Amino acid sequence: MTTVRIPAGWPATEEQARAVQDELRERVVLDEPGPPPGTGHVSGVDVAYDDRRDVVAAAAVVLDATTLEVVAEATAVGRISFPYVPGLLAFREIPTVLAALDALPCPPGLVVCDGYGLAHPRRFGLASHLGVLTGLPTIGVAKNPFTFTHDDPDTPRGSTSALLAGSEEVGRALRTREAVKPVFVSVGHRVSLDNACAHTLALTPSYRLPETTRRADALCRKALREATYPA
DNA sequence: GCGACAG
DNA sequence: ATCTTGTCGC
């Protein structure tokens, strides 16, 4: 487990944070299909908070994309770097997530984030942000539709419907379990939307949420429980 | 101006 | 995100 500090020059206000998003957004790559599902490594990242102690814990878990077995994992703890503001989630999570990714002993491959990528007020959610900062292929898989609209996908697993910002498709509602509430998939960096959905399906053989996020969620909660006050 | 709003 | 017991169902 590594300890991180809030980076120098980290945005202190919402206005500064939005300016950073508007600048970094130019660097998102949307014209690559990304790695094929079921091959190489796939990783999940997630974060847990203790606002009372001002502690945040992040986890990165690398899975074998074929077997979904855990190949490697790492955690990091730090101070909370930004309040939760809808649309600015990345500023709350990214420093600790980057530290956890850096601590991995092997390349993470495609990274699955808890939240959104393109499906974002300024088209630059957590998954896009993490992708631009690391250069890694990233996607976002969220549990809620945020402010976007969508039709209910058909009942069978694998059914999708467009996630819409007005008439613009910013992601997809994807049914990962028959008759269960869908997840909301969007592109982060260097992955197509079709491929992002295919990866999500490959990662959900038995549960609604991807194995990557399930593993990362369990690990960051454990790291938070075991965390001492960060330096 | 008033709500809604990823985690 | 987090606060939280039991309970219904595969």
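In what follows, chains carry the letters A, B, and so on, assigned in the order in which the sequence lines appear, proteins first and then strands, with residues in each chain numbered from 1. All values reported here derive from a predicted model rather than from experimental measurement.
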Polar atoms only, N or O, under 3.5 Å: list the protein pairs with nucleotides 4-7 of chain B and their distances.
{"from": "B/dA6", "atom 1": "OP2", "to": "A/Tyr84", "atom 2": "OH", "distance (Å)": "3.0"}
{"from": "B/dA6", "atom 1": "N7", "to": "A/Gly87", "atom 2": "N", "distance (Å)": "3.2"}
{"from": "B/dA6", "atom 1": "N6", "to": "A/Gly87", "atom 2": "O", "distance (Å)": "3.1"}
{"from": "B/dA6", "atom 1": "N6", "to": "A/Leu88", "atom 2": "N", "distance (Å)": "3.4"}
{"from": "B/dA6", "atom 1": "N6", "to": "A/Leu89", "atom 2": "N", "distance (Å)": "3.2"}
{"from": "B/dA6", "atom 1": "N6", "to": "A/His120", "atom 2": "NE2", "distance (Å)": "3.4"}
{"from": "B/dA6", "atom 1": "N1", "to": "A/Leu126", "atom 2": "N", "distance (Å)": "3.2"}
{"from": "B/dA6", "atom 1": "N3", "to": "A/Tyr116", "atom 2": "N", "distance (Å)": "3.1"}
{"from": "B/dG7", "atom 1": "OP1", "to": "A/Lys143", "atom 2": "N", "distance (Å)": "2.9"}
{"from": "B/dG7", "atom 1": "OP2", "to": "A/Asn144", "atom 2": "ND2", "distance (Å)": "2.6"}

- May I ask you to say what A/Arg221 touches in the nucleic acid, namely base, sugar-phosphate or nothing, with a heavy-atom cut-off under 4.0 Å? sugar-phosphate
- Note on the structure: Nearest heavy-atom contact between A/Phe82 and A/Thr13 is CZ-O, 3.7 Å
- Message: Could you tell me how far apart A/Ile80 (CD1) and C/dA1 (P) are, to the nearest whole angstrom?
- Response: 14 Å
- Message: Between A/Asp152 and A/Arg175, is there a side-chain heavy-atom distance shorter than 4.5 Å?
- Response: yes
- Rounded to the nearest 0.5 Å, the OG1 atom of A/Thr176 sits from the NZ atom of A/Lys181 at a distance of 11.5 Å
- Query: How long is the span from the OG1 atom in A/Thr200 to the CD1 atom in A/Ile139, to the nearest 0.5 Å?
  - Reply: 4.0 Å
- Message: With a 4.5 Å cut-off on side-chain heavy-atom distances among I, L, V, M, F, W and Y, is there a chain of contacts connecting A/Tyr116 to A/Val29?
- Response: no
Show which side-chain atoms of residues 32-44 of chain A pair as donor or acceptor with protein atoms under 3.5 Å away, not counting sequence neighbours.
{"from": "A/Glu32", "atom 1": "OE1", "to": "A/Arg190", "atom 2": "NE", "distance (Å)": "3.0"}
{"from": "A/Glu32", "atom 1": "OE1", "to": "A/Arg190", "atom 2": "NH2", "distance (Å)": "3.4"}
{"from": "A/Thr39", "atom 1": "OG1", "to": "A/Pro36", "atom 2": "O", "distance (Å)": "2.9"}
{"from": "A/His41", "atom 1": "ND1", "to": "A/Pro107", "atom 2": "O", "distance (Å)": "2.9"}
{"from": "A/Ser43", "atom 1": "OG", "to": "A/Pro108", "atom 2": "O", "distance (Å)": "2.7"}

Between the protein and nucleotides 3-10 of chain C, which nitrogen or oxygen pairs are less than 3.5 angstrom apart?
none

- Contact list for residues 108-118 of chain A, test salt bridge (charged side-chain N to carboxylate O under 4.0 Å, His left out), sequence neighbours left out: A/Asp114-A/Lys143
- Query: A/Leu126 and A/Phe146: same hydrophobic cluster, using ILVMFWY side-chain contacts below 4.5 Å?
  - Reply: no
- Under 3.5 Å for both distances, Watson-Crick or G-U wobble, that's the pair rule; now give the dot-bracket for DNA chain C, with | marking pairs to another strand and [ ] for crossing ones. ..........
- Task: Kindly say whether A/Asp151 contributes a backbone atom to a donor-acceptor pair with the side chain of A/Ser161 at under 3.5 angstrom?
- Result: yes
- Considering only heavy atoms, which members of residues 151-161 of chain A lie under 4.0 Å from some atom of DNA chain B? none
- Message: Checking the side chain of A/Arg25 only, and the main-chain atoms of A/Arg122 only, is there a donor and an acceptor separated by less than 3.5 Å?
- Response: yes
- Would A/Phe184 end up clustered with A/Leu193 when hydrophobic side chains under 4.5 Å apart are linked, directly or stepwise? no
- Message: If hydrophobic clusters are built from ILVMFWY residues whose side chains come within less than 4.5 Å, do A/Val185 and A/Leu164 share one?
- Response: no
- Measure the distance from CG on A/Asp217 to P on C/dA1 and round it to the nearest whole Å. 6 Å
- Report whether A/Phe148 and A/Val187 are members of the same hydrophobic cluster (ILVMFWY, side-chain heavy atoms less than 4.5 Å apart, transitive linking). no
